[in-house]
Amino acid sequence: MDPAGVFATSFERDQALIRTRGQWVALVLFLIALVVLPHVLGPRLVAISTNMLIMAVVVVGLQINMGYAGQINLGQAAFMGVGAYATGALAIKFNLPFWLSIPLGGCAAAVFGFIFGLSAVRIKGFYLALTTIAAQSLFHFLILNLPQSWFGGSNGLTLEPAQIFGFSFVSETSIYYLCLAATAAMVLGAYGIVRSRHGRAFVAVCDDDVASGLMGINVVRTKATAFLIGAFYAGIGGALWAYYVRFVAVDQFTLFHSIWFIAMVIVGGLGSITGALVGVFVIKAIQESFVTLGPSIVAEFPSLGGDVVFALMNVFLGGIIAAFLIFEPRGLMHRWNILKRSYRLWPFPY
Amino acid sequence: MAFGGVVALDNVSMAVGADELLAVIGPNGAGKTSLMNCLSGFYRPQQGEVRFNGSLLSGMGVHHIVKAGLARTFQGTHIFSNMTVIENIMVGRHIHMKSSIPSAFFYFGPCRREEIRHREVVEEIIELLEIESIRHQPVGSLGYGLRKRVDLGRALAQEPSILLMDEPMAGMNTEEKEDLARFILDVREARRIPVVLVEHDMGVVMDLADRIVVLDFGCTIAEGTPLEIQQNPAVLKAYLGEGNR
Amino acid sequence: MLELNNVEVIYSDVILAVKGISLAVPDGKCVALLGGNGAGKSTTLKAISGIIRVEDGRVTSGNINFDGKRIDKADPTEVVRSGIIHVMEGRRVLRHLTVEQNLLVGGHMESSGRDVRKRLDSVYDRIRRLAALKDRITGYLSGGEQQMVVIGRAMMANPKLIMIDEPSLGLAPLMIDEVFELLKDLKASGTTLLIVEQNTRVALEIADYGYVMENGRIVLEGAAEELRNNEDVREFYLGLDLKGERKSYRDIKHYRRRKRWLG
Amino acid sequence: QTTYNVASLADFTGPYADVMKDLIGARRPVIDWWNAEVGKKIGVKLGIKDYDHRYDAAQVASLWPGIKAELNPIIVLGVGGPDVAALQGRLPSDKIPMVMSTAAYGFAWKPDPWIFNQRPTYSHEAAAFFDWLRQKRGGSGPLKVAIISSEASPAYVDQHKGVQRYAADNPDKVEVVEVVFTEVQPTDLTTQVNRVTRKGAEVIMIMTNTAAVVATKRALQSLGKQVPIIMSSHNGLAESGRAIGDVKQMEGDYEVYAMAAPTDAKTPGREFFEMLQSKYGLKAKWTVSAVQGLGQALIAMRAIEAAAKKVGPDKITGEAIREALLSTTISADDTFKILGNTKFSNEGPFPTQGLVASIATIKDGKYMEAAAGVPVPSINKW
Amino acid sequence: MIDFVNYFINGALVGLLYALIAMGFVVIYRASKVFNFAQGELVVFGGFIVWWMVASLGLPLSIGIPLAFVAAALFGLLVERVFFSRLAGESVFAMVMVTIGLLILIRGLILVLFGPQVRSFPIIFPLQPVIIGEILIPRSLLIGGAITVIVGFGLSWFFNRTRAGLRMTAVAEDHQVALSMGISVKRSIAFAWILGAVLSTLGAIIFLSGKSLNFLASDIGLAALPVALLAGFEAIAGVLLAGLIVGIIQGLVTAYLDPIVGGAIGTVFPFIIMLLILFIRPTGMFGWKTIERV
Ligand SMILES: Nc1ncnc2c1ncn2[C@@H]1O[C@H](COP(=O)(O)OP(=O)(O)OP(=O)(O)O)[C@@H](O)[C@H]1O
Ligand SMILES: Nc1ncnc2c1ncn2[C@@H]1O[C@H](COP(=O)(O)OP(=O)(O)OP(=O)(O)O)[C@@H](O)[C@H]1O
Ligand SMILES: [Mg+2]
Ligand SMILES: [Mg+2]
């Protein structure tokens, strides 16, 4: 939003994401920071950043699905898993290069998501959202019970590093850049989608699906599309994950992971792509600092005993999320918007 | 059209001519909204059919009927309250926009051009309805009257070839009704489309309508020009009441 | 009995919707609150009933007194217990419940089941229509029928003061007469009324006193009689021309005619 | 004296947080002991640092680069599945070997290992038990086995798949009458247990978790049947006994693993443990987890010793340790008889030959060894 | 044949247990319109309270269990006080999201308060099964099933026939309207959570009697979810039928299909049934239909 006194003079201007020079500068600086980050930070932080980037893709997808189209999605981890497995299988069996197998992994997840979304033909509201929980258990069941030669069954899949022109993405830094590029593209795409007619259709369907039907929006298709997009993002995230860890197993994609993704969306704020990114950053940062801090606390105060300290960490983490929900149920972005609004009105507060 | 034991519409036949403003009136619960719902495909009549320009509408999916050129406003508010005014009206443009998801993903290019093109149409409507100042406000925080105006704007954005309006004036004061009446007349003038209007404000109906259909308990009890209707004893008894001429 | 002094209401900490209004509703009288769209009428009612707080709004200054007690800090439930019922705009029926269940909810403060039935019968008695509809699911009722349900529900609580937001909204002429008949009846039986209404003509018929709001402020007030004869009210709210004839909607010229009292 | 670092992965906040106290409680004193009594002599000092991996592969993956940078470890002490999952692709390029505490998984059974399990897979251990029990039973027919498993984790699936493979290849030795699937916390297993006992199951294998053991035990009790249950290290007699309220109720059941059983007997392992207790501040209790920690740490220490001998104390690298692990036999005495003679090979992450298992049981209400040095048969890959 | 009967009866009883857990979802939904994702955690928490009272403090069952119910109720109240009292009137969606935070929090709390160890849950119902001919019925499930049926019909009566129940239904319909009628939304939500916590504790007792307990037992919440969906969120007595359907089908599938498939198809089957039935009845068998009016 513009500060007081700045007015949009054209429609392009009005629609642009970035409107003032200050914002441009900030964005460019941020991107530069992301690019030079591996050269400044230690490898642990780079690894964390890579992790965040992958999560960001998944959570941005969930944001479109949940924050825009209003469909709680408890299957995001499963969709991510489908992407990871598809990518893994394609890379191993057909030797596809990563720049093909990653998008195809996304597509596989998208198809899986779309199938669940299609139940919107009949099922509505909360019931629809909760059917995604079936995605989780189906995914788990299918992977473990389909022939081992397809997806490795209980053995999982082991991948070779991503390669291009003889360069392989083995080092932490190279993987980081791979993920950065993919995530940047996906996030930009997400901004595009939510600003287009599709994004509006999502919000409309979420607000009032009867009225949006009568506005010419194909409600079922829109809902299914929301799942499709959410799952596509999850799939891309899963594919990146597959190349990052280079081993894919069902227990890397559990319901509990989905719940954490949802927590990230909530903390960031529903209905904002930036919010999703903020949510990933905040939760992941807290989680990682606890993990890092924990052993040092135990080393400092051995009398406390490891398990107590660590259990307390869990409570902290849960408590922080709960606190967010109580004091800022609409997420960090909401608070930020209010701040911006008062800034815009400043110096005339009301 | 019946719901369980409740017969909402019973053998109603009517026709709207091109460029005609047809008002439908009737006491509460007469079936006016149900009629609108049948027309716009939201209800599927158990008997009978709806035709528009010769093509059969009944049985088509709701969003197909919209694409065929039928737009409507709602009784009460069925507006997307989490969206701003502009976004709401842009939703009305949905059927005219083509961009696919991949092109939306690569926003810059055709998708953006399309957005801007349609945005211009929307701005025209905003100007027409004089809601410039609330353009960027979320509709959820607007008063009832303004919402109804946005609702109309959304319908207009569909560039319909027939417009159904369900109690557009409800919740407005006289001045605003006057404005809205003006808008309706303007639209009719500019677009030359038939309008079906359901309204309880007799002043509005009598002044604007070319022809009036009166429903009661799902049946047509009268049909005619405003003057004829005003004199019709059945209508007086069922609807207007003495003293509400 | 109800008094507002310099009340200010803010939504989400930024939108000032009501900018310091004062009004009084005397015992047993009917007061009408008029005004254009977005003037802040509904907000005022919500501030009185306390519902405002669940919409992220706040009364930031001024005070609201009812029967000598301050209620601007009170919980909505306490406000209702003290005898004020707020009928919100938009026919908020409990959609999945039947008409009768809706009414029973209204009578939830009654001490015994028998008393509730008694009230129920008296409401059915007053609003015959509801008796016929009593087993229908309210979500499927027509707009006008729903309006009757919410008024009936408010009556079930046997309040001292009923605040009704746009009672005539969406009602057929005959029905409006019926509803206002009902309100008159209520008034005659001693219930105090605060009505927000767009249908100025009928509102001023029943009201003893009226306030006109614009942009969050009260711009005009006076006895109903006075208002009815006020030139501006006549033109903008009653739609009469200078001779007292109703203008035809077809003849309205298309330009901004609105005269504003303030800002 | 050259100082090297050992990274110690542990699950403090995940699902196995409860056994970690004993596991890592045993690792640290071993290293202190080694520093004092062995390292000093050969001129090597080891540091150790714990990392919380929450038993989550994602966490391991994000921890690992930091561990490398911060600690530059020459060897890693791992716990279970997630470590293997997240690191098996990386260790070869990082040239750091990892020694695991738990049994191996089928999915990690690949040649050219950088990951080393002191124990074979759960299926191997189970097979060793079945052979032993069949011999003890006598007679000729195959041993009829029922498996209670779960699909909650791929590791569980791996366990029963291995046994099924063994049974398929050795129809004369083992017959799997049925695999029953349950949830992590079964509601009730009476009908299922009734069914498998009627099918003639002579032993029920449960290597998933204690909840399944308890539910099965209750089912057996209510049916009045006496069919022994065979468990593994993580859900063994002590844990299950605690979970059911009293270890006496586990009378006649067994646990099996390719390590010494933590019985009260004065074994060399036990003596070593008590020495650590008195001299090196070991706080862990004498449990299977502690034994795992001891065994794991000892393997790592002995490998470092061997590497130091080969390349010199100042030139130890992860690679050298791996070489040493693949080329030397770590004798049973080196691990205070906690493990048998251990000889890793290029074929897989665990010794494919010459392994022995211990079987423990509850007899007259007392935890004791039922057999030791039971040979582990070989199973084809599944 | 006798096997079939056995699987059938056992499946039905397990189904009733699911129904009891699902009732926790439904009750909270019916009184506050909040879908509680932390239901499984509530069960585990209830279980730990019982364990703490009976096994750890060593109170006799007759004192320990009532005390555990009281403690659970207090916990439910605490949840409302801490988490929801501030949110009254906020969107339902926000409240539902809170339950996800709650899920994570309760897990942490359980770890801190009771530790990660697997605990032995006290034997509340006698272990000997009821044996009728060749049919063998676990006693805890049988008694639990009976309790569930009674509780189910009782609660159904409460919500559908009493004025207090109606009041809560009103809250679940529309928080704002309820407030405007002077109904305390907070109190209704508090009641919902108290009831939910108590029911969960009851569920834990039946589920865990004589078994073992640690925080992974919360998976029962997941198993009960299809039951709640199948019945419809508003249907309290309907949950009983849904539970029976799910339990019986799951029991039979586990017995006859699992060995054929060689995998745990029994665990996914409830979800498949749920999807199928939702396709026929989109708001569950007895849930309120979505009212779509314009
Ligand atoms: N979906 C439905 N299910 C059940 N009954 C319905 C449904 N839709 C309408 N009805 C019933 O049909 C009758 C006609 O309703 P409708 O909404 O068409 O009236 P209306 O003429 O628009 O009245 P109003 O002027 O009050 O809006 C009412 O009695 C209503 O209860
Ligand atoms: N929940 C809300 N959040 C933010 N702003 C609000 C909210 N509700 C109302 N407003 C703003 O407060 C102002 C007054 O609104 P209010 O609903 O009181 O008007 P009204 O006089 O009742 O209008 P109408 O006759 O159209 O119902 C409007 O400008 C509106 O934008
Ligand atoms: Mg209508
Ligand atoms: Mg209003």
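Residue numbers begin at 1 in each chain, while the letters A, B, ... track the order of the sequences.
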Top contributor to chain A contacts, counting heavy-atom pairs under 4.5 Å, from D56(D), L63(D), D158(D): L63(D)
Looking only at G25(D), A58(D), A69(D), the option with the highest number of non-hydrogen pairs under 4.5 Å against chain A is A58(D)
Under 4.5 Å, counting heavy-atom pairs only, tell me which of A85(D), A61(D), G89(D) racks up the most with chain A. A85(D)
In Å and rounded to the nearest 0.5 Å, what is the OG to CG distance from S258(A) to N73(A)? 7.0 Å
Which bit of E160(A) is near chain D, if near means a heavy-atom gap under 4.5 Å: side chain, backbone, both or neither? neither
Under 30°, 30 to 60°, or over 60°: which ring-plane class applies to Y122(D) and Y105(D), parallel, tilted or perpendicular? tilted
Options Q287(A), M55(A), R246(A), ranked by heavy-atom pairs under 4.5 Å with chain D, top entry: R246(A)
Heavy-atom pairs under 4.5 Å with chain A, option from S93(D), A10(D), P82(D), A86(D) with the top count: A86(D)
Answer yes or no on whether R44(A) is positioned over the face of Y51(D), meaning its NZ or CZ is under 6.0 Å from the six-membered ring centre and within 45° of the axis. no
Which bit of A152(D) is near chain A, if near means a heavy-atom gap under 4.5 Å: side chain, backbone, both or neither? backbone
Out of Q59(D), K68(D), K110(D), M20(D), which one racks up the most heavy-atom pairs below 4.5 Å with chain A? Q59(D)
Side chains of T287(D) and D22(D): do they bring a donor and an acceptor to under 3.5 Å? yes
Students often mix this up, so state it plainly: with edges at 30° and 60°, are the rings of W382(D) and H124(D) parallel, tilted or perpendicular? tilted
Without swapping roles, check the side chain of Q192(D) against the backbone of T182(D) for a donor-acceptor pair under 3.5 Å. no
